[in-house]
Amino acid sequence: MHKVMIHPANYQDCQAAVDRAFALFPVAIAGRTVFIKPNVLRAANPEEAITTHPAVLEAVVRAVEARNPAAIVVGDNGGMMAYGANEASFDRCGLTAASRGHYRNIGLEAVEMPFDQAYGGKVRISKEIAEADVFISLPKFKTHGLTCLTGAIKNSYGLLLGAQKAQFHKLSGTPARFHSMLPQVYALRVPDLIIMDAVLGMQGNGPASTELRYIGRILASDNGVALDAVVARMMGVDPARLGFLLKAKAMGLGDYRQEAITLDGTFAPIPDFKAPPVNEGLTAHQASLASLVDDRLARRPVADPERCSACGVCVSQCPQQALALGDEEVPVVDMGLCIACYCCQEMCPEKAMTLKTPE
């Protein structure tokens, strides 16, 4: 039997809800390394409800600090429009300050893990997540045009570095295959605790819709399948129609059935909530996504010789070792190794790296 907390909250007093989550789902933290992952799709203001709100992140960081961890790391690998902009995204979202000095760019070091052969048989995830003793996930209550909702399971897509996200979108090919792949990424490092920012949520065609909805809740669980099932029901969606939940249950990651979940708090469906279509009507969305994926996969970093100082920062920070200083003392990319994570662009002190589609 799984448990899901539903607690009233706003951004001014969400600490009480966060503290309740830690009391309901105790995690051994003292003397251990804790990784905290908010949802940072891209650079956005907190009031746009595209990312986890800084008030929720700060409340979680404070709760972890009070439990005497050995270390705290806060980070995320952003979505397709944020490759090479982790630090800028955190700053714009107000999450760097909310991290209370614990933010780290997790796009620079990777650990390789075995994965589904349909996706190349291996995958690279951020080292900080793979090696953390405790993993706390902070998803956002949002809709998603491809998966209907983006919650606990979809938030783990940020384990993947750079253009692997775009590559997996492309290799999936269909919504059904994408749904089936998501729980496999989630299973690479299952969160120990999930605390969802459901204060100001999103409806319509997320995950970056302008249609916002005040929910006034913090949700929490130690099981992502159960939490996402409760979110689906709040949105008026039958969890049994969501392919990623069906796959997750089949993998033994949790249960979405109502009889398998107990609630701490009051459940209430959201009246007239605008949820995206489920498993249908996705043609336009898929076409738009495919175009975006192709564009992001095609672009590669090119050094501007007028700005480049040949300092070698981009070479040392490339997680794939795809850059080397060429004969003209400017970095040159190896197209076969580059994964389009754009860390070189983010880390360049001279802002000399630009992104271009090769001719």
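Note that this is a predicted model, so its numbers are computed, not measured.
Between Val123 and Gln164 the shortest side-chain heavy-atom distance falls below 4.5 Å. Contact annotation: the side chain of Phe168 never approaches that of Leu182 to less than 4.5 Å [non-hydrogen atoms, C-beta and beyond]. The shortest side-chain heavy-atom distance between Phe90 and Val74 falls under the 4.5 Å cut-off. Proximity of Met5 to Ile218: side-chain heavy atoms (C-beta onward) are separated by under 4.5 Å at one or more points. Side-chain contact between Met235 and Phe141: present, with at least one pair of heavy atoms (C-beta onward) separated by less than 4.5 Å. At least one side-chain heavy atom of Tyr186 sits less than 4.5 Å from a side-chain heavy atom of Pro191. Side-chain atoms of Ile36 and Val73, non-hydrogen and from C-beta on, never get closer than 4.5 Å to each other. Here the side chains of Phe25 and Ile194 are not in contact, with every heavy-atom distance at 4.5 Å or above.
Looking at residues two or more places apart in sequence or on another chain, you find no side-chain hydrogen bond (donor to acceptor under 3.5 Å, both in side chains) involving Asn223. For Glu48, there are no salt bridge (Lys or Arg N to Asp or Glu O under 4.0 Å) partners at least two apart in sequence or on another chain. By the salt bridge (Lys or Arg N to Asp or Glu O under 4.0 Å) test, Lys142 is found to be paired with no residue, residues two or more places apart in sequence or in another chain being considered. For Phe244, the ring-ring contact (aromatic ring centres under 6.0 Å, His included) criterion is met by His179, not counting sequence neighbours. Residues satisfying the side chain to side chain contact (heavy atoms under 4.5 Å, CB included) test with Ala70, not counting sequence neighbours, are none. Scored by the salt bridge (Lys or Arg N to Asp or Glu O under 4.0 Å) test, Asp264 finds Arg20 as partners (sequence neighbours excluded). Applying the salt bridge (Lys or Arg N to Asp or Glu O under 4.0 Å) criterion to Arg233, with sequence neighbours excluded, gives no partner residue. With sequence neighbours excluded, no residue forms a side-chain hydrogen bond (donor to acceptor under 3.5 Å, both in side chains) with Tyr157.
Residue pairs meeting the ring pair (Phe, Tyr, Trp, His ring centres under 6.0 Å) criterion with at least one member in residues 250-277, sequence neighbours excluded, do not occur. Sorted by first and then second residue, the side-chain hydrogen bond (donor to acceptor under 3.5 Å, both in side chains) pairs with a member in residues 25-41 read Lys37-Asp76, Lys37-Asn155; sequence neighbours excluded. Pairs passing the salt bridge (Lys or Arg N to Asp or Glu O under 4.0 Å) check and including a residue from residues 197-211, sequence neighbours excluded, read Lys140-Asp197, Glu211-Lys274. For residues 61-73, the salt bridge (Lys or Arg N to Asp or Glu O under 4.0 Å) pairs, not counting sequence neighbours, are Glu58-Arg62, Glu65-Arg100.
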Please walk me through it: do His144 and Lys154 pass side chain to side chain contact (heavy atoms under 4.5 Å, CB included)? CA-CA 10 Å; His144 193 284; Lys154 182 64 170 62; 3.7 Å; yes
Checking His53 against Leu200 for the side chain to side chain contact (heavy atoms under 4.5 Å, CB included) test, could you report, in this order, the C-alpha distance in whole Å, the side-chain angles of both residues, the deciding distance, and whether it holds? CA-CA 9 Å; His53 196 278; Leu200 180 61; over 6 Å; no
Steps toward side chain to side chain contact (heavy atoms under 4.5 Å, CB included) verdict (Leu253, Val190): CA-CA 9 Å; Leu253 295 170; Val190 176; 4.2 Å; yes
Side chain to side chain contact (heavy atoms under 4.5 Å, CB included) for Asp228 and Val230? Distances and angles first, verdict last. CA-CA 5 Å; Asp228 282 355; Val230 171; over 6 Å; no
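Across all their heavy atoms, Leu193 and Ser221 have their closest contact at CD1-O, 3.7 Å. Annotation for Ser156 and Val185: closest pair O-CG1, 3.5 Å, computed over non-hydrogen atoms. A pairwise comparison of heavy atoms in Ala248 and Val225 identifies CB-CG2, 3.6 Å as the closest pair. Scanning all heavy atoms of the two residues, the minimum distance from Ala303 to Val330 falls at CB-CB, 4.4 Å. Nearest heavy atom pair, residue Ala55 against residue Tyr11, reads CB-O, 3.5 Å. Of all heavy-atom pairs between Ile50 and Leu41, the closest is CG2-CD2, 3.8 Å.
No path of Ile, Leu, Val, Met, Phe, Trp and Tyr side chains, each step under 4.5 Å between heavy atoms, connects Val332 with Val302, placing them in separate hydrophobic clusters. A continuous path of hydrophobic side-chain contacts links Leu159 to Val111 [ILVMFWY only; heavy atoms under 4.5 Å].
Between the Asp192 side chain and the Ile136 main chain, no donor and acceptor come within less than 3.5 Å of each other. Under a 3.5 Å cut-off, the side chain of Thr143 and the backbone N or O of Gly204 do form a donor-acceptor pair. Counting only distance, with no hydrogens or angles, the side chain of Thr96 and the backbone of Asp91 share a donor-acceptor pair below 3.5 Å. Counting only distance, with no hydrogens or angles, the side chain of Glu131 and the backbone of Glu128 share no donor-acceptor pair below 3.5 Å. At least one donor-acceptor pair closer than 3.5 Å links the side chain of Thr147 to the backbone N or O of Leu149. Judged purely by atom type and a 3.5 angstrom limit, Asn45 has no side-chain atom pairing as donor or acceptor with the backbone of Glu47. Side-chain atoms of Glu329 never come within 3.5 Å of backbone atoms of Leu325 as a donor-acceptor pair (strictly under, hydrogens ignored). Formation of a donor-acceptor pair under 3.5 Å by the Glu112 side chain with backbone atoms of Lys122 is not found in this model.
Atom-to-atom distance recorded for Ile106:CD1 and Asn77:CG is 4.0 Å, nearest 0.5 angstrom. To the nearest 0.5 Å, atom OG of residue Ser99 and atom CZ of residue Arg104 are 11.5 Å apart. Put simply, CG on Leu95 and CD on Glu87 are 13.5 Å apart, with the number rounded to the nearest 0.5 Å. Ile6 CD1 to Met196 CE: the interatomic distance, rounded to the nearest 0.5 Å, is 11.0 Å. To the nearest 0.5 Å, atoms CG (Leu57) and NE2 (His102) are separated by 10.0 Å. The CZ atom of Phe115 lies 7.0 Å from the CG atom of Leu160; values are rounded to the nearest 0.5 Å.
Glu259 CD: more than 12 foreign heavy atoms inside a 6.0 Å radius.
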